[in-house]
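To start, the structure under review is shown below, and the notes come after it.
Values in this document were obtained by computation on a predicted structure and should not be read as measured data.
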Amino acid sequence: MRLTAVIADDASVALKSSASPSALKTWLHWSPDTGSMAIEASVSSAGQSQVSGPAQRDYYYWFRSFVAGGVAGCCAKTTIAPLDRVKILLQAHNPHYKHLGVVATLRAVPKKEGFLGLYKGNGAMMVRIFPYGAIQFMAFDNYKKLLSTQLGISGHIHRLMAGSMAGMTAVICTYPLDVVRARLAFQVTGYHRYTGIGNAFQTIYLKEGGISGFYRGLTPTIIGMAPYAGFSFFTFGTLKSLGLTHFPELLGKPSLDNPDVLVLKTHVNLLCGGVAGAIAQTISYPLDVARRRMQLGVVLPDSDKCLSLTKTLKHVYGQYGIKKGLYRGLSLNYIRCVPSQAVAFTTYEFMKQILHLN
């Protein structure tokens, strides 16, 4: 009889056998494709064996993983909150700032609305981003295991698929909060439609068709999130795997909670996360522009032309073109997505060590 168990960076498997020691042979090997250590045990047919399967499940693992992802998301978004506010203002062509560029808008917002104007909508963002980050990272780990164990999909492709599925899952669960946050961030001091998070929820529900009002722009969001999250996790995971496989001493260090596990050094984590964010954003940016315009809905004067993904993309392209329409604010997005993803992945990797997830 032949048994195979995999010890990944986020799970452990125990093998027990009643066979005599001489009847059990074990091999350890590192798998570059999965970034894991594999145990292969061969038991002779002469011995009687019994396998207990996975060790008793840690029922708090999911909670710790949830917290790690939530903290990572909050740290990342707080870091780039001012840039996120400016991005929304530029993407949707806010009438008070539409004639300005990225740097000019960053200067104009504090003058017009005060320094805290750069953080407008950030409260709603934190309410949304904690469960979003938590669900995304936790779902990624679980989808990755599912694809590997149940469907037999491994190698680099399972990171791309698991990342896409995790991103879409997180979006669907937290989308209403994202809509409210976008509405609050789009407001300019002195021209308020909503007085706060609660008022925004109430107003949208009463005046925009109930629950459906909170899901405007969901389709382009999901379509855009699939490549964004997929390529983000794929790029980071691939760079991490290649780095620890080929340059373990140069790029890696022992994990704080498990010295037998190698993790990337902090500055390498930041670099890999930044590269992952830049690649993912470039691919999905036009869909992000369409999503924001659909989310803002009646706030925009041309909202009647932004009722579906196709109509929104055609309208933006026809009215503003590629550079000033579909990719308006992309330079700001590079500036914000690189540190955002760098902080997100680095914080998550650190929290995994603090919460003993390795």
Going by the salt bridge (charged side-chain N to carboxylate O under 4.0 Å, His left out) test, which pairs reach into residues 276-287, not counting sequence neighbours?
-> none
Hey, are the side chains of L326 and Y285 touching, using non-hydrogen atoms and a 4.5 Å cut-off?
-> no
Taking only residues two or more places apart in sequence, or in another chain, which ones meet Y194 in a ring-ring contact (aromatic ring centres under 6.0 Å, His included)?
-> none
Between F66 and L355, is a side chain to side chain contact (heavy atoms under 4.5 Å, CB included) present by the stated rule, with each step listed?
-> CA-CA 11 Å; F66 189 89; L355 297 176; over 6 Å; no
Kindly compute the distance separating CG (L251) from CG (L271), expressed to the nearest 0.5 Å.
-> 9.5 Å
Would you say I354 and D257 make side-chain contact, with heavy atoms under 4.5 Å?
-> no
Could you list the residues that satisfy salt bridge (charged side-chain N to carboxylate O under 4.0 Å, His left out) with R128, not counting sequence neighbours?
-> D178
Check side chain to side chain contact (heavy atoms under 4.5 Å, CB included) between T266 and all other residues, then give those that pass, not counting sequence neighbours.
-> K253, L270, T346
Quick one: list whatever passes side chain to side chain contact (heavy atoms under 4.5 Å, CB included) with I172, sequence neighbours left out.
-> I222
Qualifying residues under ring-ring contact (aromatic ring centres under 6.0 Å, His included), relative to F233, sequence neighbours excluded = F137, F140, F345
Note, T78 side chain near I129 side chain (heavy atom, < 4.5 Å) | no
Looking at CE of M225 and CD of Q136, how far apart are the two atoms once the value is rounded to the nearest 0.5 Å?
-> 6.5 Å
Taking it one step at a time, do K265 and E349 satisfy salt bridge (charged side-chain N to carboxylate O under 4.0 Å, His left out)?
-> CA-CA 10 Å; K265 294 178 180 178; E349 292 292 312; over 6 Å; no
So the side chain to side chain donor-acceptor pair (under 3.5 Å) pairs with at least one residue in residues 195-207 (sequence neighbours excluded) are none
Heavy-atom check, side chain of H315 versus side chain of R293, under 4.5 Å = yes
Look at the rings of F115 and Y119 and say which category their plane angle falls in: under 30° parallel, 30 to 60° tilted, over 60° perpendicular.
-> tilted
For S232 and Q341, test the side chains for any donor-to-acceptor distance below 3.5 angstrom and give the result as yes or no.
-> yes
Would you please name every residue forming a ring-ring contact (aromatic ring centres under 6.0 Å, His included) with F350, sequence neighbours left out?
-> none
Sequence-distant partners of Y320, side chain to side chain donor-acceptor pair (under 3.5 Å), two or more places apart | none
Applying side chain to side chain contact (heavy atoms under 4.5 Å, CB included) to L239 and not counting sequence neighbours gives T235, C272, V275
Sequence neighbours left out, what passes side chain to side chain contact (heavy atoms under 4.5 Å, CB included) with P339? Give chain and number order.
-> I80
Sequence neighbours excluded, which residues qualify as ring-ring contact (aromatic ring centres under 6.0 Å, His included) partners of Y175?
-> Y215
